[in-house]
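See structure below.
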Amino acid sequence: APLPWQFNAVVQSFIRGISGGAPFTVMEAFSGIQGHVCLGYLPPERRVALWVVQALARGAERVVFFRWRVAPYGQEQLCYGLVDCDDRETERLRVLSDMMRRAKAELSTLASERVRSPVCVAYAKDDARLLREQYLSKGLYLAASPTVQAGYDREFATWYAPYATLGVGADIASVRSLDLDAYRVLSLPLYQMADPAFVERLGPWVEAGGTLVLGYRAGARDLRNWSR
């Protein structure tokens, strides 16, 4: 089964953040079953259409599907496309085409609009790296594969999820490039290695009315990773 839609929101908002708020392109969007050696999850056609709308609402300006036509041979035989290998139209293509026709005007306007949010959930790359190697508790450990420890990513997504669920616009940005004055609420999950220069900026921002949400062990270490 797919990850919850809130995780899609996290990824899309992160991509929007690293592009400075500029529109982005979604490449190889799922159109159905994806698998090389084993048949994967089959999303309902309307869910695929909703994924497209979600991407556009969060800053995408185009969505490119994987794939147009089901491969008649080779490893990607098990990967659905928008049409079958004999070029016959599918329900997948019909549902997507219908959604695009019905929402053409709204989606065209939406895709060209710059996303502006009152909330930012901020991250620090050094904390992300640190917590993948020294994850502190079993709750922050998630072996996504033999070489990938994704506990930090899951926890960060958990912090972002309430904003997406309640329909509150939220950006994702690095503390190094964060424009505090652009936001009314700042959430700082897992911010252990606190930068004194950034902390100094937070004080006046909070005094001016900003809301700061901190998590456990905030500021527990300096930028050298020494305990305070």
Side-chain angles (χ1 to χ4, degrees), residues 1-19 22-113 115 142-158 160-167 169-170 172:
L3 292 165
W5 67 266
Q6 291 89 342
F7 190 83
N8 290 358
V10 171
V11 174
Q12 291 155 1
S13 299
F14 174 74
I15 296 299
R16 189 176 71 242
I18 62 176
S19 64
F24 58 89
T25 298
V26 176
M27 300 296 296
E28 298 197 352
F30 276 20
S31 57
I33 284 177
Q34 301 295 314
H36 285 169
V37 297
C38 177
L39 291 171
Y41 170 74
L42 177 61
E45 290 83 359
R46 293 186 182 278
R47 178 172 293 175
V48 175
L50 287 173
W51 285 339
V52 174
V53 174
Q54 180 186 22
L56 293 171
R58 295 193 177 277
E61 63 178 353
R62 64 177 66 86
V63 177
V64 181
F65 281 95
F66 180 83
R67 42 188 294 153
W68 169 250
R69 183 183 295 105
V70 177
Y73 57 87
Q75 197 170 38
E76 291 179 358
Q77 285 175 303
L78 303 184
C79 299
Y80 270 19
L82 294 180
V83 298
D84 288 334
C85 56
D86 57 4
D87 285 334
R88 290 185 183 180
E89 188 181 69
T90 63
E91 184 65 11
R92 302 183 293 280
L93 182 58
R94 282 191 288 272
V95 169
L96 280 168
S97 299
D98 182 57
M99 180 275 292
M100 292 175 184
R101 278 192 298 269
R102 287 186 291 108
K104 181 178 179 180
E106 292 83 356
L107 293 180
S108 296
T109 302
L110 194 64
S112 62
E113 286 289 325
V115 177
L142 175 62
S145 76
T147 58
V148 176
Q149 204 289 84
Y152 175 89
D153 308 85
R154 178 176 61 184
E155 182 70 9
F156 191 91
T158 300
Y160 186 92
Y163 301 111
T165 303
L166 297 174
I172 295 177

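Keep in mind that the numbers below use all heavy atoms, side chains included, and drop hydrogens, waters and symmetry copies.
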Are the side chains of [X] and [Y] in touch, meaning some heavy atoms are under 4.5 Å apart?
X      : Y      : result
Met99  : Val52  : yes
Leu142 : Gln149 : yes
Glu76  : Phe66  : yes
Phe30  : Trp51  : yes
Phe65  : Val26  : no
Cys79  : His36  : yes
Phe24  : Ile18  : no
Gln54  : Leu50  : no

Any donor and acceptor pair, going by atom type alone, linking the side chain of [X] with main-chain N or O of [Y] inside 3.5 Å?
X      : Y      : result
Gln77  : Pro72  : yes
Tyr160 : Ala170 : yes
Asp84  : Asp86  : no
Arg16  : Arg58  : yes

Flag if over 12 foreign heavy atoms under 6.0 Å of CZ, Arg46:
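No, not enclosed.
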What's the spacing between [X] [atom1] and [Y] [atom2] if we round to 0.5 Å?
X     : Y     : atom1 : atom2 : value
Ser31 : Arg69 : OG    : CZ    : 12.5 Å
Thr90 : Glu45 : OG1   : CD    : 7.5 Å
Arg92 : Leu42 : CZ    : CG    : 8.0 Å
Asn8  : Leu3  : CG    : CG    : 7.5 Å

What's the verdict on side chain to side chain contact (heavy atoms under 4.5 Å, CB included) for Leu93 and Trp68, showing C-alpha distance, side-chain angles and the deciding distance?
CA-CA 9 Å; Leu93 182 58; Trp68 169 250; 4.2 Å; yes
Give me the atom names and distance for the closest heavy-atom approach of [X] to [Y].
X      : Y     : value
Ala55  : Val63 : CB-CG2, 4.4 Å
Ile172 : Val10 : CD1-O, 3.4 Å
Ile33  : Pro43 : N-CD, 4.3 Å

Which is it for Arg94 and Asp98 under the side chain to side chain contact (heavy atoms under 4.5 Å, CB included) test, yes or no, and what are the steps along the way?
CA-CA 6 Å; Arg94 282 191 288 272; Asp98 182 57; over 6 Å; no
Pair Arg67, Leu82 - check side chain to side chain contact (heavy atoms under 4.5 Å, CB included), show working.
CA-CA 6 Å; Arg67 42 188 294 153; Leu82 294 180; over 6 Å; no
Pairing donors with acceptors under 3.5 angstrom, does anything connect the side chains of Arg62 and Thr25?
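Indeed, the side chains of Arg62 and Thr25 share at least one donor-acceptor pair under 3.5 Å.
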